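Just so you know, these numbers use all the heavy atoms, side chains as well, and skip hydrogens, waters and symmetry mates. Being a predicted model, the structure only gives us computed values, none of them experimental.
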Amino acid sequence: MTALKAWFDGRSLRERRLLLVMVALAAVTLVWGAVIRPVRDGLSSSRERYTDAVIRLGAAQAGLRQVKALQRRATPLSAPLADIVRARADAAGFTLASLDVEAPDRLRAAIATARAGALMQWISGLEAEGILVDSLSVSGNGAGSVTATMTLRARGI
């Protein structure tokens with residue numbers, strides 16, 4: 001440290017002032033780069049995450065209102081659940097690999113091969129008729145087809 005002081009004292013007044021300005025500017029740059037900028041970036045990303053969360057919350061609440069409205073409009077099925085599912089599958093061109101009734105208003109169904117888009121449209125049609133999907137497992141078969149296993153129940157149960 002004494003060597004540095006001796007070196008500094010050996011400089012002219014103008015050089016010492018320039019060195020002090022240089023050290024001050026280096027300190028400001030270091031503080032800006034190591035503290036201010038990371039904090040500002042962190043706050044900015046926090047604001048973005050908060051905005052995204054508020055948008056997702058609004059979408060989830062809107063979806064919940066739609067689900068509750070559908071549940072309030074629930075009408076009883078016109079036939080046993082298994083008969084309706086079998087008829088809708090035949091009408092859509094799906095062959096049911098299995099159809100196991102677990103309860104009067106709940107069943108497990110499997111479809112060996114189907115196009116993914118057509119299957120999701122069929123499931124959407126079932127839900128519009130009052131048949132809800134409790135669980136759905138879809139896996140690819142290759143060649144653009146899928147295998148599906150699902151548990152279905154009548155709405156309001």
N/O donor-acceptor pair under 3.5 Å between Arg108 side chain and Asp100 backbone: no
- Message: Between Thr113 and Asn141, is there a side-chain donor-acceptor contact under 3.5 Å, judged purely by atom types and distance?
- Response: no
TODO: Verify, without hydrogens or angle tests, whether Arg115 (side chain) and Gly144 (backbone) share a donor-acceptor contact under 3.5 angstrom.
DONE: yes
Can you tell whether the side chains of Lys5 and Asp9 come within less than 4.0 Å, N to carboxylate O?
yes
Can you see whether Ser135 engages Thr151 through a side-chain donor-acceptor pair at a distance of less than 3.5 angstrom? yes
Is the backbone of Arg88 close enough, under 3.5 Å, to the side chain of Trp122 for a donor and an acceptor to pair up by distance? yes
Interatomic distance, CG@Leu132 vs CD1@Ile123, rounded to 0.5 Å, equals 12.0 Å
Original post:
Heavy atoms, side chains only, cut-off 4.5 Å: are Phe94 and Val85 in contact?
Top reply: no
Contact check, side chains of Glu48 and Ser44, non-hydrogen atoms, under 4.5 Å: yes
Salt-bridge criterion met for Arg49 and Asp52 (N-O under 4.0 Å):
no
Exercise for the section: Indicate, with yes or no, if Leu19 and Leu4 share a hydrophobic cluster defined by side-chain heavy-atom contacts under 4.5 Å among Ile, Leu, Val, Met, Phe, Trp and Tyr. Expected result: yes
In short, Val138 meets Ala148 closest at the heavy-atom pair CG2-CB, 4.3 Å
Is Arg37 atom CZ crowded by more than 12 heavy atoms from other residues, nucleotides or ligands, each under 6.0 Å away?
no
Here the gap from Phe8 atom CZ to Leu20 atom CG, rounded to the nearest 0.5 Å, amounts to 4.0 Å
| Do Leu81 and Leu136 belong together in a cluster built from hydrophobic side chains that touch within less than 4.5 Å? | yes
Requested in this report: May I ask you to check whether over 12 heavy atoms, not counting those of Gln121, lie within 6.0 Å of atom CD?
Outcome: no
**Prompt:** More than 12 foreign heavy atoms under 6.0 Å from CZ of Arg11: is that the case here?
**Reply:** yes
Given 3.5 Å as the limit, does a donor-acceptor pair link the side chain of Ser145 with the main chain of Ala114, or not?
no
Problem set entry | Beyond-backbone contact of Leu126 with Leu152, side-chain heavy atoms, under 4.5 angstrom | yes
One should read off an interatomic distance between Ile55 CD1 and Thr51 OG1, to the nearest 0.5 angstrom, of 6.5 Å
On a heavy-atom basis, the closest approach of Pro38 and Gly33 is CD-O, 3.5 Å
| query | Do Leu18 and Met22 belong to the same hydrophobic cluster, where Ile, Leu, Val, Met, Phe, Trp and Tyr are linked whenever their side-chain heavy atoms lie under 4.5 Å apart, directly or via other members? | reply | no
On a heavy-atom basis, the closest approach of Val101 and Ala103 is CG1-O, 3.1 Å
Q: Evaluate the salt bridge (charged side-chain N to carboxylate O under 4.0 Å, His left out) criterion for residues Asp105 and Arg153: first the C-alpha distance (whole Å), next the side-chain angles of each, then the deciding distance (0.1 Å), finally the verdict.
A: CA-CA 5 Å; Asp105 292 328; Arg153 68 176 172 87; over 6 Å; no
Point to revise | Side chain to side chain, Trp7 and Thr2, heavy atoms closer than 4.5 Å | key: no
Closest non-hydrogen atoms of Ala112 and Thr147, given as atom of the first, atom of the second and distance, are O-OG1, 2.8 Å
(request) Answer yes or no: is there a donor N or O on one side and an acceptor on the other, between the side chain of Glu127 and the main chain of Ser124, under 3.5 Å? (result) no
Interatomic distance, CE@Met150 vs CD1@Ile111, rounded to 0.5 Å, equals 4.0 Å
Minimal heavy-atom distance between Ala82 and Leu99, with the atoms involved, is O-CD2, 3.7 Å
**Prompt:** Do the side chains of Val35 and Leu43 join up, straight or via other hydrophobic residues, at under 4.5 Å, putting them in one cluster?
**Reply:** no
Residues Leu96 and Ala109: closest non-hydrogen pair is CD2-CB, 4.5 Å
Value for CG (Asp41) from CD1 (Ile36), rounded to nearest 0.5 Å, stands at 12.0 Å
